[in-house]
Amino acid sequence: MTKITLSVIKADVGSYVGHSCVHPELLKTAEQYLRDKGKAKLVDFVVTHVGDDMELIMTHRKGCDNDEIHKLAWDTFMEATRVARSLKLYGAGQDLLADSFSGNIKGMGPGVAEMEFEERRSEPVIVFMADKTDPGAWNLPLYKIFADPFNTAGLIIDPQMHKGFDFEVHDLIDHKRITFHCPEELYDMLVFIGATGRYCIKSVYSRTLNDIAAASSTQRLNLMAGRYVGKDDPVCIVRCQSGMPAVGEVLEPFAHPHLVAGWMRGSHYGPLMPCSVNHSTPTRFDGPPRVVGLGFQLCEGKLIGPQDFFADTAFDKARHEANVIADYMRSLGPFEPHRQGLDALEYTTMPQVMDRLSGRFEPIE
Ligand code: F6R
Ligand code: MG
Ligand code: MG
């Protein structure tokens, strides 16, 4: 049997009201388009959303970075954009940075997380999707899932996990990558992945199974567009069980909301609130940032599911905690550390204010 590829490709192609949600007509349009045009290319697909981001979860046998699959996703987003424009939805076509497709959707606006693997006897996967934040949001949970024995009991108890995991980390500024072998290089790795605006965990590999365990999207819209175009609202795929972390170990880091960059105008820190698809609509101060976790069992590439994990009442406390943290952070208003530092605001109006006032700054004796 040829390997299966799981591709999660997302874009914000127009939202209602403001930057809060994907209109049902857009989801319907994308679904119909994939059903018609994806018939010969895809094994299966699910169209969903988190906040204002449309998510295409697709399985196929063409491998990662396949131009046919990427073009299919691009054309689906274009089709949905047409509907968004006809309804005068907000920010129609916002994440599509080019007029036409050019071979690989990466670098053109949409976010992409993909992995190719041999489907195991039973293949549970979780697709995480976030709104109002950026790819650095996955560093802390991926670290906990694959490297922290206080989170993942399997690192101690499961003989197939005891050897640890390899982490591929990308430097999004200098476009370089490095692989850390953990647990022995944990402290070295943390020097980098603690800086979530620059270094992002791109993928994780099981050292025992010699196989991919997780993959994330690391596209940074601002860095590509050279101007402020919102945050990147990342996605991440994690394989579970039988030598990979258990489903519950993969969900566990989200029980305590961590602070992520994003929220209002992509310029503030706020708690990442776990929620169901139906509760993924950001409201307060355009947030707080949301994360949805959809579980699937793969069956010869068919997506059996989804299981909307964060709908569970076990995450009620995390939501409450996120609201308490949100309240506290909001009380700081325009001051750091609620507002992001100046270098992170580089792509907002801040440089214009600086330019305008630069002549009025005088040396201090
Ligand atoms: C953040 C986000 C929103 C917008 C805000 C202003 O990622 O999408 O918080 O930045 O609503 O939007 P504009 O500039 O489109 O009025
Ligand atoms: Mg938007
Ligand atoms: Mg969004």
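Remember, it's 1-based here, ligands and their atoms both numbered in the order they're listed.
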Considering only N, O or S atoms of D12, the one closest to the Mg ion (ligand 2):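 Looking at D12, the N, O or S atom with the least distance to the Mg ion (ligand 2) is OD2.
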Check all N, O or S atoms of H19 and name the one closest to the Mg ion (ligand 2).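 The Mg ion (ligand 2) is closest to the H19 atom ND1, counting only N, O or S.
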Close approach of G18 to ligand 1, heavy atoms, under 4.0 angstrom: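 No, G18 has no heavy atom closer than 4.0 Å to ligand 1.
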Ring-plane angle category for F192 and Y199, please: parallel below 30°, perpendicular beyond 60°, tilted otherwise.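 Perpendicular, since the angle between the ring planes exceeds 60°.
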Measure the acute angle between the ring planes of F146 and F165, then classify it against the limits of 30° and 60° as parallel, tilted or perpendicular.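 Perpendicular.
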Output the list of atoms in ligand 1 that are nearer than 4.0 Å to some heavy atom of G266, sorted by atom number.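 Every atom of ligand 1 under 4.0 Å from some heavy atom of G266: 1 (C).
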Can you list the ligand 1 atoms lying under 4.0 Å from a non-hydrogen atom of K132?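 In order of number, 1 (C), 2 (C), 7 (O), 8 (O).
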Aromatic contact, F285 with H268 (centres under 6.0 Å):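 Between H268 and F285, which both carry aromatic rings, the centre distance is below 6.0 Å.
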Do F167 and Y205 make the cut of ring centroids closer than 6.0 angstrom?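 F167 vs Y205: aromatic centres not under 6.0 Å.
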Determine whether the side chain, the backbone, both or neither of R265 has a heavy atom under 4.0 Å from any heavy atom of ligand 1.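 For R265, backbone and side-chain atoms both sit under 4.0 Å from ligand 1.
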With a 4.0 Å heavy-atom cut-off (strictly under), which part of Y90 contacts ligand 1: side chain, backbone, both or neither?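 It is the side chain that gets close, since no backbone atom is under 4.0 Å.
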Closest to the Mg ion (ligand 3), which N/O/S atom of D131 is it?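 It is OD1 of D131.
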Hey, which N, O or S atom on D233 ends up closest to the Mg ion (ligand 3)?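 Answer by atom name: OD2.
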Got a salt bridge between K132 and D286, using NZ or NE/NH1/NH2 to carboxylate O under 4.0 Å?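 Salt bridge absent between K132 and D286.
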Kindly report the OD1-the Mg ion (ligand 3)-OD2 angle for D52 and D53 respectively, rounded to 10°.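 About 90° at the Mg ion (ligand 3).
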Heavy-atom pair of closest approach, residues E249 and N151: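 Closest approach of E249 to N151: O-ND2, 3.0 Å.
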Return yes or no for this condition: an N or O of D52 is under 3.5 Å from an N or O of ligand 1.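 No; the residue has no nitrogen or oxygen that sits under 3.5 Å from a nitrogen or oxygen of the ligand.
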